[in-house]
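Just the heavy atoms: all of them, side chains too, but no hydrogens, waters or symmetry mates, feed the values below.
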Amino acid sequence: MITRRFLMAATSAVAAPNLARANSFPNGPIRILVPFGPGSATDQAARNVADGLNRTFGVPVVVENKPGANGAIAADLAAKSKPDGQTIFVCSNTAAASNVALMKSLPYDPLRDFDPVTIIGKAPVFMMVNPKIEASTAQEFVALAKRQPGKINFGSGSSSTRISGELLKTKAGIDMVHVPYKSTPLALQDTMSGHVQMCFTDPVTGLPQVKAGTVRCLGVGNRGRYKLTPDIPTLIEQGIPDFELMTWTGVLFPRGMPQPVFNTLRDAIVKTITEPGYVERQAVGGSEIAPTTPEEMRQIQVAEIQLYRDMMKVAGIEPE
C-alpha cells in the first residue's frame, strides 16, 4: 500500500532537482535574441539590458540579432528555446503583438508561447524624409505626393512603421509605394540615400540622423506634442486626422520558466532599466522608460493585437 510518507518522499525527490536547477541560475552564458538588426531601438535596448545582466550575474551575456520576417524568425527561435533563463527575447511590439494581426500564419504565438516580463520603453513614430524632398512640413509632403501619385516610395522595417505609412496614405488620400526592409535602420539608410523618399522610425533610430542633417523629420505620430521632443509638431496638428501610433520594446521569456528563475531574472532586468544612467540614455534617444508588471504587459499585447486589426481595416490592408 502506498503510504502518505512515501508520497511525500517521492514528491520531494522530484521537486528537489527542479529547485536546485532554479537556485543555480545562471549556470552559463545568457543569450538575448533580438528580431532586428544592429542599430535599431530594440537592439540598443537589448545591449543595455545585456550590460546590466552581466554586471548583476557576472556571466557573459550575448546579444544575437536575427532579423527577418517582421521579427518572426527570432521569435520562433526564442519560443522553441529551453525555458531555463539562459535565453530571453527582447523585442518590439511587432513580434510581441502586431504580427498576429499583420500576418496570416506565424510559426509562433506571442500569447501562447511566451510569458510576458515587462515593457522596457515606448515612444511614438516619427515621419522622416530624404532632405532633398521639396517638403519641410507634412502638409507640403502630402501636396507633393498628390501631384505625383504612385511616384513616392516609403520604406518600413517593422509592423509599426509599415502601418504608419499605410495610415498616412489612407488618412491623407495619397498614393505611395511600400518597400519592405528587414529592420528600421535599413529603411532609414535608404531614405537617407534617396532610394526611398520617406519612412517612419522610432526616435532612438531616427533622431540622431535628424540632428546630423541626413534626414528631415516632418512630424510625430502622437496625440499631443511628445514631451521629449516638444519642438516637433504632430501630424494631427498638421492636418492628418487621428494619426497616433506608438512603438514599444519589451521582454518575453519562453513559456514555462521556473518561477524562482523568472523572478530573479525579471528583477535584474527591471533594476537595469530603471537605473539613472539607462533612463538618461534612453531619454536622450527619445524613448520613455515604461516598466510594467507581467500582467500589465499581457493586457497591452492583447489590446495592441486588436488595435492593429482595426487599423489594418482603416488602411485597407489584408494580412499577408
Would you call [X] and [Y] a salt bridge, taking side-chain N to carboxylate O under 4.0 Å as the test?
{"X": "K104", "Y": "E320", "answer": "no"}
{"X": "E288", "Y": "K122", "answer": "no"}
{"X": "E166", "Y": "K169", "answer": "yes"}

### Task
Determine the sole option in V177, D190, T191 for which the side chain to side chain contact (heavy atoms under 4.5 Å, CB included) test with N153 is passed.
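By the side chain to side chain contact (heavy atoms under 4.5 Å, CB included) criterion, N153 pairs with just one of V177, D190, T191: V177.
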### Message
Applying the side chain to side chain contact (heavy atoms under 4.5 Å, CB included) criterion to F154, which one of M198, M127, M128 satisfies it?
### Response
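Running side chain to side chain contact (heavy atoms under 4.5 Å, CB included) over M198, M127, M128 with F154 returns exactly one hit, M198.
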### Message
With a 6.0 Å cut-off (strictly less than), is the heavy-atom count around NZ of K80, excluding the residue itself, greater than 12?
### Response
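Correct, the count exceeds 12.
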### Query
For E134, does the CD atom sit with more than 12 other heavy atoms under 6.0 Å from it, leaving out its own atoms?
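At most 12 heavy atoms, drawn from other residues, nucleotides or ligands, come within 6.0 Å of this atom.
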Just by distance, with hydrogens left out, do [X] and [Y] show a side-chain donor and acceptor under 3.5 Å apart?
{"X": "N99", "Y": "Y108", "result": "yes"}
{"X": "E304", "Y": "N93", "result": "yes"}
{"X": "S164", "Y": "T161", "result": "no"}
{"X": "T184", "Y": "D202", "result": "no"}
{"X": "T94", "Y": "R162", "result": "no"}

### Residues E275, R281; criterion salt bridge (Lys or Arg N to Asp or Glu O under 4.0 Å); working and verdict
CA-CA 10 Å; E275 290 175 344; R281 287 195 299 274; over 6 Å; no
What is the minimum heavy-atom distance between [X] and [Y], and which atoms define it?
{"X": "G165", "Y": "M176", "answer": "O-CE, 3.8 Å"}
{"X": "Y278", "Y": "I273", "answer": "CD2-O, 3.2 Å"}
{"X": "G39", "Y": "P185", "answer": "C-CG, 3.7 Å"}
{"X": "R225", "Y": "I232", "answer": "CD-O, 3.2 Å"}
{"X": "I73", "Y": "K66", "answer": "CB-O, 4.2 Å"}
{"X": "T56", "Y": "A268", "answer": "CG2-CB, 4.0 Å"}

### Query
Under 30°, 30 to 60°, or over 60°: which ring-plane class applies to F114 and F89, parallel, tilted or perpendicular?
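Answer is parallel, since the angle falls under 30°.
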### Query
Taking the inter-plane angle between the rings of Y226 and F126 on a 0 to 90° scale, is it parallel (under 30°), tilted (30 to 60°) or perpendicular (over 60°)?
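Geometry flag for F126 against Y226: perpendicular rings.
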Output yes when a side-chain donor or acceptor of [X] lies under 3.5 Å from a complementary backbone atom of [Y], and no otherwise.
{"X": "T214", "Y": "M192", "answer": "no"}
{"X": "Q139", "Y": "G239", "answer": "no"}
{"X": "R147", "Y": "V142", "answer": "no"}

### Message
Can you confirm whether or not the ring centre of F200 sits under 6.0 Å from the ring centre of F243?
### Response
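Close enough - the centres of the two rings lie under 6.0 Å apart.
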Is it true that [X] and [Y] fall in one hydrophobic cluster, defined by side-chain heavy atoms closer than 4.5 Å?
{"X": "L207", "Y": "F36", "result": "no"}
{"X": "L144", "Y": "V215", "result": "no"}
{"X": "I305", "Y": "M312", "result": "yes"}
{"X": "V270", "Y": "L265", "result": "no"}
{"X": "L218", "Y": "I240", "result": "yes"}

### Query
Are R47 and Q44 close enough, and set up right, to give a side chain to side chain donor-acceptor pair (under 3.5 Å), and what steps lead you there?
CA-CA 5 Å; R47 293 182 187 279; Q44 292 182 50; over 6 Å; no
#### Entry: side chain to side chain contact (heavy atoms under 4.5 Å, CB included) between R266 and T118, worked out
CA-CA 8 Å; R266 182 184 183 278; T118 182; 4.1 Å; yes
### Message
Go through it in stages, so that I can follow the logic: the residues are D113 and R255, the test is salt bridge (Lys or Arg N to Asp or Glu O under 4.0 Å), and I'd like the CA-CA distance, side-chain angles, deciding distance and then a yes or no.
### Response
CA-CA 5 Å; D113 296 335; R255 174 62 62 87; over 6 Å; no
